[in-house]
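Everything on this sheet refers to the single structure shown next.
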Amino acid sequence: MDLLAFEKSLIALFVAVTAAIVVSKLRGKRLRLPPGPIPVPVFGNWLQVGDDLNHRNLSALARRYGDALLLRMGQRNLVVVSSPSLAREVLHTQGVEFGSRTRNVVFDIFTGKGQDMVFTVYGEHWRKMRRIMTVPFFTNKVVQQYRAGWEDEAGRVVDDVRADVRAGTEGVVLRRRLQLMMYNNMYRIMFDRRFESEEDPLFLRLKELNWERSRLAQSFDYNYGDFIPILRPFLRGYLKICKEVKERRLQLFKDYFLEERKKLSSTKATDNSKLKCAIDHILDAQKKGEINEDNVLYIVENINVAAIETTLWSIEWGVAELVNHPEIQQKLRQEIDDVLGPGVQVTEPDTHRLPYLQAVIKETLRLRMAIPLLVPHMNLNEAKLGGYDIPAESKILVNAWWLANNPSSWKNPEEFRPERFLEEEAKVEANGNDFRYLPFGVGRRSCPGIILALPILGITIGRLVQNFELLPPPGHKKIDTSEKGGQFSLHILKHSTIVAKPRA
Ligand code: HEM
């Protein structure tokens, strides 16, 4: 940033402040906006509330201002929804009105301005993408086709950990091996491929680029340029890095996965009776002219972040809670032994016969939601919510974590207690049948991956607990479960060392 640009920005800032004051005085139309802290010109509430609008800070604001509150973040309107009835309104009753997505300057880059499925506005393109992705990814047939693969991958994790003597004594960072497993679970579906080891060079490049993408997108560092457009020149360097990462990443998907698959299907006679992998279906849609090559790449992009990271974080949280609650871990182990018999390895159909396992997973997703604010929604046009006017193109955050952790509707919500899902909350499912519990959202923009995520979580956590005693490392009573939030993600801050002591 040179001096001239800096001076220009200061002048522009001054002009914008003056203009904002004049416009606000002259504006005739009075909207009945949701309550919130009083904004100042240009910055809005940004200086008062800061950058880190995580689920906990937002629930504190909701307690002060109410279940629908408005924050002005520079030029952007942010509406935070914090009650089950208003969540129903946004996600269900007015699902079309609030069914779009906001993208900030960084998400614009990573999604090619919404050429993907997750971040596109509600409309024709979204409908087409969701339809095209459903058959290859989001049906029970897919679960039945791939569950043996997921069981195999979880079995390999168990074998590798068992073979590593350190794992049973000083401990290992279990997450690293689970990450390889999650990539394999999804790459089997997508490309009928897997990576042999954590050192596989292609896996390492992929992992690195996905990590960079998530870090850059979830960071708060670029907020100022997103909230206050005239400050955007200062973001030039950041956005340049985003563009480079995006290019390199899409090129990697193209060169090493898409082209490979195209070659394979042109040499092999692909008759329809043979099982296709997901990308074959997606390429068929491209051949028919329904989508273009960029859309295909963005589908691969979406699966890499939406599917792999979220499920991995949830497994990691589940393991962490079980390490820190040995009595719950033992009760789960006992259930598996009792229902399956000692040594019989958990498979997908078994997970339906293991109510305590299901309860442990639900409780993990309640207390440690991977996407605690859902993926931000947006209303394209001015709308009404709870009697308030919501300006067009507001970013709508549904604080799903607070809905599931509000002491006025849950008994001791801060406690990790799976029993609640067998007792007072026995009717509550993860599919959104209760607006207090929406780990996957609900309605039009809800997570279609729930159908894959739940069995993968069940198989993985089940296998780990039935084969190992999971403990904190020597000298520690518990592992650290501090949280790290991003723009809308939540994961464990430290990838802890865990002792996995093989059962005799
Ligand atoms: C434990 C794992 C997972 C959690 C907690 C999770 C959670 C979520 C949440 C909260 C949303 C946003 C809902 C909303 O905005 O209303 C979402 C959207 C989405 N998820 Fe997941 N998800 C998980 C796994 C997966 C998997 C395995 C896949 C794919 C195989 C997937 C694909 C998607 C897609 C494509 C969307 C965007 C839907 C749309 O905009 O129409 N997710 N997920």
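Ligands are counted one by one from 1 in listed order, and the atoms in each one are counted from 1 as well.
Each of V296, D294, L250 was evaluated against E301; a single residue qualifies, L250, per the side-chain contact (heavy atoms from CB on, under 4.5 Å) test.
Protein heavy atom in closest approach to atom 40 (O) of ligand 1: R101 NH2, 2.8 Å. For atom 16 (O) of ligand 1, the closest non-hydrogen atom of the protein is H377 NE2, 2.8 Å. Annotation: atom 39 (C) of ligand 1 to nearest protein heavy atom, R445 NE, 3.4 Å. Nearest protein heavy-atom neighbour of atom 10 (C) of ligand 1: P439 O, 3.4 Å. With respect to atom 38 (C) of ligand 1, the closest heavy atom belonging to the protein is R130 NH1, 3.5 Å. Nearest protein heavy-atom contact of atom 1 (C) of ligand 1 is S314 OG, 3.3 Å. With respect to atom 12 (C) of ligand 1, the closest heavy atom belonging to the protein is V375 CG2, 3.5 Å.
With a 4.0 Å cut-off on non-hydrogen atoms, S446 touches ligand 1 through its backbone and not its side chain.
Residues passing the ring-ring contact (aromatic ring centres under 6.0 Å, His included) test with Y146: none are found, sequence neighbours excluded.
The set of protein atoms (N, O or S) found at less than 2.8 Å from atom 21 (Fe) of ligand 1 reads C447 SG, by chain and number.
Comment: R177 does not engage E316 in a salt bridge, judged by the lack of any side-chain N to carboxylate O separation of less than 4.0 angstrom.
Aromatic ring orientation, Y183 versus F195: perpendicular (interplanar angle above 60°, classes split at 30° and 60°).
Across all their heavy atoms, F203 and E198 have their closest contact at CD2-O, 3.7 Å.
Taking distance alone, with nitrogen or oxygen atoms compared against 3.5 Å, W126 approaches ligand 1 more closely than that limit.
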